[in-house]
Engineer: 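Would you mind keeping the following structure in view while I ask a few things?
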Protein chains: 2
Amino acid sequence: MSNFDVFFDYIQKLSGIMLSEDDKRVFTAHLKPKKLRKRQYFLQEGDVCKYTGFIVKGSARTFRVDEKGHEHILKLSLEDWWLADFESYYHLTPSRYNIEALEDLELLQITNAQVEEFLSPIPAFVAMQEVIKQNYAIANQNRLQAAISYTAEERYDDLVTNYPQFLQRFPLNMIASYLGLSPETLSRIRKNALKS
Amino acid sequence: MSNFDVFFDYIQKLSGIMLSEDDKRVFTAHLKPKKLRKRQYFLQEGDVCKYTGFIVKGSARTFRVDEKGHEHILKLSLEDWWLADFESYYHLTPSRYNIEALEDLELLQITNAQVEEFLSPIPAFVAMQEVIKQNYAIANQNRLQAAISYTAEERYDDLVTNYPQFLQRFPLNMIASYLGLSPETLSRIRKNALKS
DNA sequence: AGCATTTTCTGATACAGGTCAAGTCCCAGC
DNA sequence: GCTGGGACTTGACCTGTATCAGAAAATGCT
């Protein structure tokens, strides 16, 4: 199955709308396949995030570097997600984040201008965007709630329940940063979890 | 200025699209004015959030009660915001949150079904929804980032900078809960801030 | 005005999680 | 097959924030 077929499947499933051959041709014409090797950057701090990229294969992390030089991972992304700093993408402001490939990445990427011009007439695409924004807002709300009111252990349990794939695909120090913990604390939580 | 005029102003400003007299009639017909006294609930845990309410006047808090009976405020809302648990509203699932009026509230409320049927044909409304979802997702992302990587003091400074109105309108124990802090810690942070 | 309630502040103490340092394991590259 | 570096763990210690208790100040109610 080609990269575009993966995408067509995804959008049809998410929007509940089938794509015509014409629709598919529009996508094929404007979504630009792009490969990134592990450790390459999709976005660097200070740059404007001009593209969103649909992840066909691979994984990435979105992180910020604080004044003390410590990295904080805001987002971990896998197949079937869109890669971007949406604040920078929609507002065209310089991003505070870096987005780095953690495994070799295959993307289909596009600019917001192209989306407006070519993709917005496609109902399935508009519906997909709706669903994505909704889900993203809800997911962030849930993580926020966890961050302000759960203990470190509860947050980890949550991750195990809701995103078990993360443990397969990402090293523990990345998971720790994603949860807002030091790697040492996560290591201890996991040791305790084994006992019970 | 009537409650509807406040709303018309808001939607025209946010969407960048003027409303026709016909559009206005549609809103007037379907947005239901509703008043809540201080301490009344807009939504209770376990119920489905059937309505979104546009806040014309007043304020509210969205909070969760944990197993130990402690309250955690996820959201503080003022004029010109929409009141709802969007997860429950869009998915029609029972909410984990309570929404309570902190001051007497004047709302214009509507169900999702009515939105789909009557408001979705109005371009300004669709554009407004877009902007709101985007802003909400971005705001949550920023708060999330602050929660996992900032100290208590940095989070408070952030609030002072970005939402100074909150300090005028909400008591400090609510602000503390919103920041994920105990009231005592917030009190100490404020005391320290005075010195420097 | 006077009383009750809520909000805010202060001090003492406890604990979750961070930091630093060292050690083990494991895999990638020569 | 060796080796160097990253990933993960463990232990000792430290710090920020929570918790508990009580006092003071502000607010609301009759």
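Letters A, B, ... mirror the listed sequences (proteins, then strands); counts begin at 1. All of these numbers come straight from a predicted model, not from anything done at the bench.
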Engineer: Determine the interplanar angle of the A/Y10 and A/F54 rings, folded into 0 to 90°, and report it as parallel if under 30°, tilted if 30 to 60°, perpendicular if over 60°.
Structural biologist: tilted
Engineer: Is B/R143 positioned over the aromatic face of B/Y178, cation under 6.0 angstrom from the ring centre and no more than 45 degrees off axis?
Structural biologist: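 Judged by the rule, B/R143 and B/Y178 form a cation-pi pair.
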Engineer: What is the distance, to the nearest angstrom, from the CZ atom on A/R39 to the C1' atom on C/dG29?
Structural biologist: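 After rounding, the gap between these two atoms is 13 Å.
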Engineer: Side-chain N or O of A/K191 less than 4.0 angstrom from OP1 or OP2 on D/dT10?
Structural biologist: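 Yes, because at least one side-chain N or O of A/K191 sits under 4.0 Å from OP1 or OP2 of D/dT10.
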Engineer: For DNA chain D, determine which residues of residues 161-178 of chain A have any heavy atom closer than 4.0 angstrom to one of its atoms, and list them numerically.
Structural biologist: A/P171, A/L172, A/N173
Engineer: Of A/D104, A/L105, A/L102, which is the lone residue that meets side chain to side chain contact (heavy atoms under 4.5 Å, CB included) with A/K38?
Structural biologist: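 The passing option is A/D104.
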Engineer: On a heavy-atom basis, which atom in B/D85 and which in B/R96 lie closest, and how many Å separate them?
Structural biologist: OD2-N, 4.3 Å
Engineer: Kindly give the heavy-atom pair with the smallest separation between B/K24 and B/T28, and that separation in Å.
Structural biologist: O-OG1, 2.6 Å
Engineer: Under 3.5 Å, is there a donor-acceptor pair between the B/Y97 and B/E87 side chains?
Structural biologist: no
Engineer: Within the 3.5 Å criterion, strictly below it, is a donor on A/N3 or A/E106 matched to an acceptor on the partner's side chain?
Structural biologist: yes
Engineer: Please list, in numerical order, the residues of residues 140-149 of chain B that have a heavy atom closer than 4.0 Å to any atom of DNA chain C.
Structural biologist: none
Engineer: State, to 0.1 Å, how close B/A147 and A/A147 come at their nearest heavy-atom pair, and which atoms those are.
Structural biologist: CB-CB, 3.8 Å
Engineer: Specify the separation, in whole Å, of atom CZ of B/R190 and atom C1' of C/dC9.
Structural biologist: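 Those two atoms, CZ and C1', are 11 Å apart.
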Engineer: For nucleotides 15-30 of chain D, give me one character per nucleotide, 5' to 3': B if any protein heavy atom sits under 4.0 Å from the base, S if the only such contacts are to the sugar-phosphate, - if neither.
Structural biologist: --SSBBB---------
Engineer: Can you tell me if A/D158 and A/T161 form a side-chain donor-acceptor pair at under 3.5 Å?
Structural biologist: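 A/T161 and A/D158 do not have a side-chain donor-acceptor pair below 3.5 Å.
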Engineer: Restricting to non-hydrogen atoms, name the atom on A/Y136 and the atom on B/A137 that form the minimum distance, rounded to 0.1 Å.
Structural biologist: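 Shortest heavy-atom separation between A/Y136 and B/A137 comes out as CD2-CB, 3.8 Å.
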